[in-house]
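Structure first, then comments.
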Amino acid sequence: MKETMRIGLLGPFQVTDGGAPAPVTGGRQRAVLAALALAAGRPVRSSTLARLLWGEDDPAARHRLHAIVNRLRQAIGTDAVTAGPGEYTLDVDPEAVDVHRFRALVAESKHANGTAELVLLEKALGLWRGEPLVDVEAESLALAHVPALTEERLRAVERRTDLVLAAGGHAELVAELGDLTTRHPLREFLWSRLMLALHRSGRQAEALGAYQRVRTLLADRLGVDPGEELQRAHRTVLGPASAVLDPVPAPVDAVPRQLAADIAGFTGRADPLADLNRFVDRSLEHSSERSLDRGSAAGPALAVISGPAGVGKTTLAVHWAHRVADRFPDGQLHLNLAGHRPGPVADAALMTLLLSLGTDPARIPPDTDGRSATLRSALAGRRVLMLLDNAYDADQVRPFLPGSATGAAAGSGSVVLVTSRNRLRSLRRREGAHLVELEPFTPDESAALLGGVLGPDAVAGHAGAIAELAGLCGHLPLAVALAAERVRNTGMALPALVEEAREGSARLDALGDGADDVRKVFSWSYRALPGPEAAAFRALGTAPGTDIGAAAAAALTGSPAATRLLESLVDHNLLRRPRPGRYELHDLLRVYAAELAAADGGHGADLARLLDWYIATGLSARAHLQPTSEDPRLERPAGVVPPAFADSQEALGWFETEHANLVAAVGAAAAAGLDRRCWQLVHLLWAHLDRCRAWPEMAVLGEAGLAAARRAGDRFGEAEMLTMGASLRHLGRFEEAIDSQREALALYFELESTSGQAAVLNNLGMIFRSMGRHEEAIDHLRRCAALDEAAGDPGDLAVSLFNLARSYIDAGRAAEAIEAAGRSLELLRGLGHRRGQGRAMEAIGLAHRQAGEHEAAARWLREASEVFGEIGDRWYESVSLTALGRSLRSSGRGEEADEALERALALATALGDPRAAEIRALVEG
């Protein structure tokens, strides 16, 4: 047994022998040693190690593995690794590996008390030097071990935190817990302890601020309220004294939980619920069978709930989804497809789902087909329930469907549930969708709903009135519920309401969708509202988009008490609260409210206030995402105080939450003749759309913004909208892109805007580069850099120099590329822009490679890949590693080249990058 060796995996890879470093430099040697150390004294099959390194096990792989183990023995000692038939063993005591030492100390601490337990935990946590397996290039090994190790560390941290708090060490914990909540923002335990530490340190306001931050975070990310753990912490901070909180070990899963709130007192629908239960049982059973048969394939598990407006399709879908949510551990997604109204385009909706599943916005393709394919990849291997609410037709649904259940991912068992007024017959024919047709309530179900809302005393002796009222409502659940709320909120007797309904004014005009009875009941409920609530209801009918937040509603209604008004409308059953802080109207109620607003004549002012709030808040958010993009001529609307954003993540979260509403607001502004607001909204959206590569949306919105600016006679707005036309290059519309930039350039000369001229010159350079017109690209980018340098803006100059360097490379002018990229790198170092530094290093490496200087190229490309790895940008890391592999091969360093290319392939494959096929060809060639 090797008694003097120590191996560190809890941080940068570390091997010592007798206290002296024993360097293991080869990437594959490190991967093998890490795998053997995790087993520590137990044999590991050769087939397992071969698949770890190359993804396959064959005689050639075994031969290469044998050579790697021999080199590893030379580095750490020939007796350290013993071989058996088809297996290898690292002959060390498990205590020699920090992972096993950590686990042993944590286990020992559970049998200790007080100070002894704290000492053992601190000793265990002291073994951690960073992220586990951080520089072991074996993706499958990391996936198998890193999540579990991270969870074990957090549980140890949590227990140690409680022990320190119990010992009065609250002040020393504040900074540590602040850092931990930043790195693990959805872990409620850490937030509760941070609140308690702040409170005990006499910092009550900060403790309450922490609660508000995590409450907003949980609502936006997961659609849930704070759990009991956080609520108890909140009560402790508000109370006169504080006691040590009982530890709650269960963590919060960072998976999407987007279902709208379940309906209290759900009534009836026994047969449809049983039908859906049978459907999901069959679907998950078949998924498990397919996972055992890798050659089988089947379409996605898909069900459609169909029925007329107001029949309760969404209510049934949400209620059932909550009942089966625990069968979908990888999350529940809920998307409103907007039904018969124009809603968010498929591109925007797909982006919303991809962001919910944790996809990096910079890696979301710009087109519908690309986003749909990325969604299928994101769902592969997961068991997710997706609720697509209010679909118009089958074509609207198809881009969101998971792929066929084939191979290893088949066992994921994702299920899609669609609600629609249409039967979506083609989904049944082509995708095998299961149809649940929903009818109005039976008389018994209507009576049960009325009785459940009103209580037994109110309905006693009124069987006839109940039956007649339900009939007047057409037994539609929405209408019956509204009628019941009318009785409960006014205190009038059932017979009186029936008489009013029977003898009331003539029915309102039909909506054209068979909802006459529903609209009549709407009028009953609306007339019962107090004046402020009625005004708020009318205003909500003018709001663009599918939902609204409380702050936006305050702007729309002009009332600082908007939250109280919204909650009152929820109580009257005229508004839904699908998740904390967000409100939405049923689509029929939206039509009705909009008609009332139009008749009232004040809806234009309501919409203008809302658009001003969106613009002011968008400016506040964009200042974090693009701090150099604000122009003094894009002014914050007077009198509007937007919310403040703590950082770029909060700002980005706002854009993601309001994305569909902002897009809808552009159309609403144009339709209402609010042209200046229209183009300003488009301008603000650009920061988010560009980050998400939403080029088709940008093109459509850019046209709307340009038309609005021209109608308003706003020359600056026209120039800004023309500048956005540069994005057309991403759609292959090069001539249109050039024309828009030339028009914009003329306007910026007229307006004497040097920054605008520089932006257009940069855009033209990038367009010409995309077209392969390299000398024209270089000319425009050099002029851009000259303007940036004269203006003294290091950020803009760094970008223009980097773009110039890439164009020099395209033109084969390596020496000039190295000079331009080097200047860019120095500026970026001064700005602390790590990703930009990585890109500049990559450009320098590519230029050296073009010049045949492969050793210099390898140095720069390796440094670039390390920067991207450090900041977690796996896409650019894969790109730079691929270039590194090519350079290493050109310099005759075959084994190092193979390692770089295999790492690049693993990253590209994990990201679903189409370049994976090209990299695989390099690896195999």
Side-chain angles (χ1 to χ4, degrees), residues 723 725-742 744-745 757-790 794-828 835-865 868 875-876 879-891 915 918 922:
T723 303
S727 65
L728 294 172
R729 73 185 175 96
H730 298 290
L731 302 175
R733 295 161 60 178
F734 296 117
E735 294 304 327
E736 293 174 73
I738 291 171
D739 289 344
S740 70
Q741 299 313 289
R742 286 175 172 163
L745 188 60
Q757 295 168 35
V760 171
L761 289 170
N762 178 78
N763 290 346
L764 283 167
M766 299 307 291
I767 295 167
F768 287 129
R769 183 178 172 224
S770 298
M771 298 173 72
R773 292 160 60 173
H774 303 308
E775 294 304 324
E776 289 171 276
I778 289 169
D779 175 60
H780 284 84
L781 289 167
R782 289 177 65 179
R783 290 162 60 193
C784 171
L787 287 176
D788 288 335
E789 191 159 22
D796 286 344
L797 179 58
V799 172
S800 56
L801 285 170
F802 171 77
N803 289 335
L804 179 60
R806 294 303 300 260
S807 293
Y808 277 137
I809 293 171
D810 293 341
R813 295 161 63 173
E816 292 165 288
I818 292 169
E819 180 185 358
R823 289 187 63 201
S824 177
L825 177 59
E826 289 305 311
L827 291 166
L828 291 163
R835 179 176 280 105
Q837 292 169 41
R839 297 294 314 280
M841 292 170 184
E842 179 193 33
I844 295 171
L846 292 173
H848 277 295
R849 181 167 173 264
Q850 186 179 71
E853 300 162 351
H854 299 298
E855 290 295 332
R859 286 197 305 274
W860 283 103
L861 291 168
R862 190 184 301 280
E863 190 171 354
S865 69
F868 294 132
W875 191 84
Y876 274 124
V879 170
S880 56
L881 283 168
T882 302
L884 173 61
R886 292 177 185 271
S887 291
L888 288 169
R889 277 193 178 171
S890 297
S891 59
R915 295 180 310 107
E918 176 189 344
L922 286 172

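Of the inter-residue distances, the one linking R742 atom CZ with L764 atom CG reads 6.5 Å to the nearest 0.5 angstrom. With rounding to the nearest 0.5 angstrom, the CD atom of E816 is 10.5 Å from the CD1 atom of I818. H774 NE2 to D810 CG: the interatomic distance, rounded to the nearest 0.5 Å, is 4.5 Å.
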Contacts table for residues 838-847: side-chain donor-acceptor under 3.5 angstrom, sequence neighbours left out:
from: R839; atom 1: NH1; to: Y876; atom 2: OH; distance (Å): 2.7

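For R783, the CZ atom is densely surrounded, since the number of other residues' heavy atoms within 6.0 Å is greater than 12.
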Could you walk me through whether L787 and L761 pass the side chain to side chain contact (heavy atoms under 4.5 Å, CB included) test, one step at a time? CA-CA 10 Å; L787 287 176; L761 289 170; 3.7 Å; yes

Given side chain to side chain contact (heavy atoms under 4.5 Å, CB included), test F768 with H780 step by step and report yes or no. CA-CA 9 Å; F768 287 129; H780 284 84; 3.4 Å; yes

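Paired with S824 under the rule side chain to side chain contact (heavy atoms under 4.5 Å, CB included), one option of V799, L801, N803, L804 passes, and it is L801. Results of the side-chain hydrogen bond (donor to acceptor under 3.5 Å, both in side chains) test with R813 over E819, Q850, E775 single out E775 as the only residue that passes.
With S887 contributing its side chain and L884 its backbone, the two residues share no donor-acceptor pair below 3.5 Å. Using modelled atom types, no side-chain atom of R849 and backbone atom of L861 make a donor-acceptor pair closer than 3.5 Å.
For the residue pair D788 and S800, a side-chain donor N or O sits within less than 3.5 Å of a side-chain acceptor on the partner.
Here F802 pairs with nothing under the ring pair (Phe, Tyr, Trp, His ring centres under 6.0 Å) rule; sequence neighbours left out. Residues meeting the salt bridge (charged side-chain N to carboxylate O under 4.0 Å, His left out) test with R733, sequence neighbours left out: E703, E736. S865 is linked by a side chain to side chain donor-acceptor pair (under 3.5 Å) to nothing, counting only residues two or more places apart in sequence or in another chain. Applying the salt bridge (charged side-chain N to carboxylate O under 4.0 Å, His left out) criterion to D739, with sequence neighbours excluded, gives no partner residue. The salt bridge (charged side-chain N to carboxylate O under 4.0 Å, His left out) test applied to R729 returns no partner, not counting sequence neighbours. The side chain to side chain donor-acceptor pair (under 3.5 Å) test applied to H730 returns no partner, not counting sequence neighbours. Residues meeting the side chain to side chain contact (heavy atoms under 4.5 Å, CB included) test with N763, sequence neighbours left out: T723, A726, Q741. Scored by the side chain to side chain donor-acceptor pair (under 3.5 Å) test, R859 finds no partners at all (sequence neighbours excluded). Applying the side chain to side chain contact (heavy atoms under 4.5 Å, CB included) rule to A851 yields the partners A814, E853; only residues at least two apart in sequence or on another chain are considered. Looking at residues two or more places apart in sequence or on another chain, you find no side chain to side chain donor-acceptor pair (under 3.5 Å) involving S807. Checked against salt bridge (charged side-chain N to carboxylate O under 4.0 Å, His left out), E776 has the following partners two or more places apart in sequence or in another chain: R773.
Using a 4.5 Å heavy-atom threshold, the side chains of R769 and I778 count as separate. With a 4.5 Å cut-off on side-chain heavy atoms, M771 and M766 do not count as touching. By the 4.5 Å heavy-atom criterion applied to side chains, L828 and R835 are not counted as neighbours.
Of all heavy-atom pairs spanning A737 and S740, the tightest one is O-OG, 2.7 Å.
Between H848 and W860, the angle of the ring planes stays under 30°, which puts this pair in the parallel group of the 30/60° scheme.
The residues E855 and R862 are annotated as not salt-bridged, no charged nitrogen and carboxylate oxygen being separated by less than 4.0 angstrom.
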